[in-house]
Number of protein chains: 2
Amino acid sequence: MTGPRVRAAAERLFARHGYAAVSMRQIAAEVGIGAGALYHYTPDKQALLRDMMRSHLDDLLSAWAQADPGGEAVARLDAFARFHIRFHLDRPDAVFIAYMELRSLEPETFAEIEALRKQYEAVPEAILLDGLQSGVMQVTDVKLGSMALIAMLTGVNTWYRDGGRLDRAAVEDVYARMALGMVGVQTVAV
Amino acid sequence: MTGPRVRAAAERLFARHGYAAVSMRQIAAEVGIGAGALYHYTPDKQALLRDMMRSHLDDLLSAWAQADPGGEAVARLDAFARFHIRFHLDRPDAVFIAYMELRSLEPETFAEIEALRKQYEAVPEAILLDGLQSGVMQVTDVKLGSMALIAMLTGVNTWYRDGGRLDRAAVEDVYARMALGMVGVQTVAV
DNA sequence: GTCTATAGGGGGATAGAC
DNA sequence: GTCTATCCCCCTATAGAC
């Protein structure tokens, strides 16, 4: 069971201090083994980062595949906004790493991770395109709308703390409404 | 004139590789001097980071003080969205560092920088509050609206490249419209 | 599967010559 | 104001004992 503990320690430390600032010795100390023993669980430090980013994005894509209600664009965008916030708030460390450590990846790995990210960006793009074509949404540019939406939703991770003024459900409500307004869908006041 | 070149080199390298990953020797090499000579221009590495973050946020606040048209909330939010995108696209390295290297700051410096960031977050908060009170905007939560707006606008820096499909003016138009829609202001189709 | 020891390389920062 | 030399520390990764 040491392997998963190594990955968990690496994830927490990378998120807190950054990949470059964390040493293999720190990770080993967190797990309670010597630095040399780490190399039974990973070929090197880079592989730790690569594997956590890859599995994070794989999880994200398959979780949406499960959560996607399909159907009409407005309901689907509402579902997407709530899904994105929930999924990201559940994994703050993995999310932080996935967005901040792209530059720490070696080129081939970077390309692979970028491809997964683009797959996810295609999700709101498809919803917005559908909403535009069916006339229920007004969005000037589907790609920009998708990027704006993802940035807005992911931003929740930078300030949300459990036990704060609003709970997760309330945050979801507020953001889902803003997400719809952003693409021209007006909702009743809450 | 070596001081400014040191700061410029540090900014570029920190943005590209991260504070922790950049060595004083690399910065010196970029400037064309030896590592020892750097210490005539900065007391230490941390001061390079602190000064660039402080001056970036000072510039941001004073630039908005200049750009703020005042007056009615809808026009002011439109101006804010355009200002934010323009200011941030002009300084991608400084912006990246200001958002990513907060964790590399020593505690007192972190508190000081956070205070400046909160001052800036108060700008859209005030606009949204005004728009809410005058009835021209519908936003469920002023604080969340402000955070969502800033995250959405800053997100442009992650994908915009000069020479791409849309120029800066077009991006401003699209985002200003989404920003208004987000807070319940419907605009005519573009 | 973990340890200790070590190879081989950099790191930040300082001292003193010029 | 810059250089070279250096202090002392830490790094990743490997080797070989247990």
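Keep in mind that what you see is a predicted model, and the values were worked out from it rather than measured. Only heavy atoms go into these numbers, but all of them, side chains included; no hydrogens, no water, no symmetry mates. Just so we're on the same page: letters track the sequence lines, and every chain starts at 1.
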ring-ring contact (aromatic ring centres under 6.0 Å, His included) assessment of B:W64 paired with B:Y120: CA-CA 9 Å; B:W64 171 250; B:Y120 186 66; 7.8 Å; no

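Legend: residues meeting ring-ring contact (aromatic ring centres under 6.0 Å, His included) with A:Y19, ordered by chain and number and at least two apart, are A:F14.
Of the possible polar contacts, one joining the A:S134 side chain to the A:D130 backbone as a donor-acceptor pair under 3.5 Å is found.
Between A:F80 and A:L149, the closest side-chain pair of non-hydrogen atoms falls below 4.5 Å.
Atom NE2 of A:H17 and atom C1' of D:dC11 are 16 Å apart (whole Å). With rounding to whole Å, A:Y41 atom OH is found 17 Å from D:dA13 atom P.
A:R168 contributes atom CZ, which lies 14.5 Å from atom CG of A:D173 (distance to the nearest 0.5 angstrom).
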Output one letter per nucleotide in nucleotides 9-14 of chain C: B when a protein non-hydrogen atom lies under 4.0 Å from the base, S when only the sugar-phosphate is that close, - when neither is. --BBBB

